[in-house]
Q: 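Before I ask anything, let me first share the structure, which is written out below as structure tokens.
Labels below follow one simple rule: chain letters A, B, ... track the order of the sequence lines, proteins then strands, and each chain is numbered from 1.
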There are 2 protein chains.
Amino acid sequence: MKVLIVEDDPLHRSYLHEAVSAALPECETVIEAENGTMGEKLARDHRSAHVVMDLQMNNRNGIEAARTIWKERPDTRILFWSNYSDEAYVRGVSRIVPDGAAYGYVLKSASDERLKLALRSIFVEAQCVIDREVRGMQQKSLGQAKGFSDSEYEILIDIALGLTDRAIARRRGLSLRSVQNRLQQLYEKLDVYQNASDDHEDSRFNLRARAVTVAMLRKLLNYSALERAESELAEWLKLG
Amino acid sequence: MKVLIVEDDPLHRSYLHEAVSAALPECETVIEAENGTMGEKLARDHRSAHVVMDLQMNNRNGIEAARTIWKERPDTRILFWSNYSDEAYVRGVSRIVPDGAAYGYVLKSASDERLKLALRSIFVEAQCVIDREVRGMQQKSLGQAKGFSDSEYEILIDIALGLTDRAIARRRGLSLRSVQNRLQQLYEKLDVYQNASDDHEDSRFNLRARAVTVAMLRKLLNYSALERAESELAEWLKLG
DNA sequence: GTAGATGATGCGGGATCCAGCAAGACGCGC
DNA sequence: GCGCGTCTTGCTGGATCCCGCATCATCTAC
């Protein structure tokens with residue numbers, strides 16, 4: 001068995017190396033990559049089907065790297081090892097995992113024991129292992145209990161990118177009014193109206209900009225989600 | 001000499017501990033805190049005047065912690081040790097450093113040697129040590145060459161928070177038109193007009209929202225800056 | 001002292017955003 | 001068929017935003 005480690009922090013990288021060696025005696029080779037781009041290349045070269053991947057990296061983030069790796073080999077098993085359980089990350093990961101693929105999501109704050117257990121479960125038993133905390137996020141996100149539907153998330157992305165209503169309508173194939181409807185839903189759910197007092201003269205928020213900030217503060221959005229959305233937008237602009 | 005380490009990542013914390021011990025034989029005690037809140041408390045309890053501080057922490061970020069530490073003892077020497085040289089961080093730090101205080105800013109990607117040198121320079125020699133890359137950011141930021149003036153940065157924060165023009169005017173003590181003038185300057189500098197084609201029917205951006213996103217992508221803003229701005233805003237709202 | 005640069009303010013207008021109201025489309029259960 | 005809920009769309013209007021044009025104050029340079 002070969003295991004590929006993709007992680008930009010040298011300390012974390014060597015810690016992972018050690019953990020992999022200890023948890024998986026049957027692993028004869030450990031390869032290290034220090035950013036997403038190198039990770040993709042090494043995965044291709046070594047035909048490695050077992051990857052441990054950091055999400056937040058400078059050069060090319062983990063979600064991007066995982067996506068191209070899975071596109072080339074959908075049966076690759078990937079364990080995401082991240083500092084955060086932001087909804088933006090969790091959502092980003094679940095969007096790209098292929099049907100039936102074994103993967104995992106473990107927080108860096110987990111104990112040695114948990115990490116090693118996850119390594120064995122995924123790489124040997126082909127089971128999915130999702131950290132408790134992350135799991136909670138996932139359910140809150142997918143279940144519509146208090147979470148956000150895909151369409152609401154979509155429009156959140158669009159206003160975060162700074163598109164006008166009309167541009168959003170064209171991009172998503174909707175009428176102008178429908179876009180504005182969804183915006184209202186979004187404002188509702190993000191609870192943007194709180195400090196908008198009745199008096200017109202009182203301090204009030206620009207709902208559109210406020211929504212983005214509130215989403216950021218609630219970690220529905222983060223830098224890497226923005227980055228991804230921005231490059232998708234550039235792609236779409238080229239076509240149009 | 002006592003040295004206080006404030007860093008939430010256990011691996012980094014123990015690495016720092018070792019580096020401090022090696023670089024400063026005259027240091028008889030090393031204290032560790034795993035978040036900003038604990039850092040403030042331990043600095044107070046131990047009267048430690050030598051601090052190594054991570055910037056990005058969950059509970060209470062480094063800038064906040066440093067601010068309260070410096071407020072209580074302005075002669076404290078603090079070395080910031082961070083993954084990033086985002087303009088938002090650099091600006092945040094330079095806003096809070098007291099006159100004449102010795103401090104440093106070293107990136108985590110720096111070599112062992114650089115870190116140890118910085119530790120000695122700051123804690124023993126009371127000199128300021130700013131990483132090359134960070135320094136560049138600082139000059140780009142303070143010099144008005146291509147950087148942002150304080151007033152532009154201020155208004156960027158305000159629209160990022162989602163305030164209306166009127167609210168900004170009241171908060172900053174300006175007329176409505178002046179606020180809009182500054183916004184135009186900001187849009188100019190952020191180069192938000194690029195994809196706004198001449199035809200009114202073509203895809204265009206909502207300048208206000210777009211400006212915030214561009215600033216995020218350029219790292220003029222980041223999560224912790226937003227967080228700080230949000231709590232300042234809450235403060236201001238209470239008074240008003 | 002005069003000219004020029006910079007910044008604050010007012011006025012006006014076109015574009016955009018926010019939202020209430022109502023009419024139609026679609027699926028679902030009975 | 002019929003009712004119900006959800007989603008989409010058009011119309012409308014008021015509020016806000018974006019910005020060109022013009023005025024005035026302050027400051028600097030020569």
Q: Side chain of R208(A) only, please: which of dG10(D), dC17(C), dC19(D) is the nearest?
A: dC17(C)
Q: So if I take the C1' atoms of five pairs at each end of the helix from dG1(C)-dC30(D) to dC30(C)-dG1(D) and get each local axis, what angle do the two axes make, rounded to 10 degrees?
A: 30°
Q: Looking at the base of dC19(D), is there any donor atom on it, or on the side chain of Q180(B), that sits under 3.5 Å from an acceptor on the other one?
A: yes
Q: Calculate, to the nearest 0.5 Å, the distance between atoms OG1 and CD1 belonging to T68(B) and I96(B) respectively.
A: 9.0 Å
Q: If I take atom CG in residue L183(A) and atom C1' in nucleotide dC7(D), what distance separates them, rounded to the nearest angstrom?
A: 15 Å
Q: Pick base, sugar-phosphate or nothing for R182(B), based on heavy-atom distances below 4.0 Å to the nucleic acid.
A: sugar-phosphate
Q: Counting heavy atoms from C-beta on, name the nucleotide in dA19(C), dC18(C), dT9(D) closest to the side chain of Q184(A).
A: dA19(C)
Q: Which comes earlier along DNA chain C counting from the 5' end, the contact point of N181(A) or that of D165(A), where each point is its nearest nucleotide?
A: D165(A)
Q: Working to the nearest 0.5 angstrom, can you tell me the gap between I155(A) CD1 and D165(A) CG?
A: 7.5 Å
Q: Between the base of dG24(C) and the side chain of R177(A), is there any donor-acceptor pair under 3.5 Å?
A: no
Q: Could you tell me the separation between the CG atom of L156(A) and the CE atom of M216(A), rounded to the nearest 0.5 Å?
A: 9.0 Å
Q: When you measure from the side chain of N206(B), which nucleotide among dT9(C), dC18(C), dC18(D) comes out closest?
A: dC18(D)
Q: Return the nearest nucleotide to the side chain of L174(A); candidates are dT8(D), dC17(D), dA8(C).
A: dT8(D)
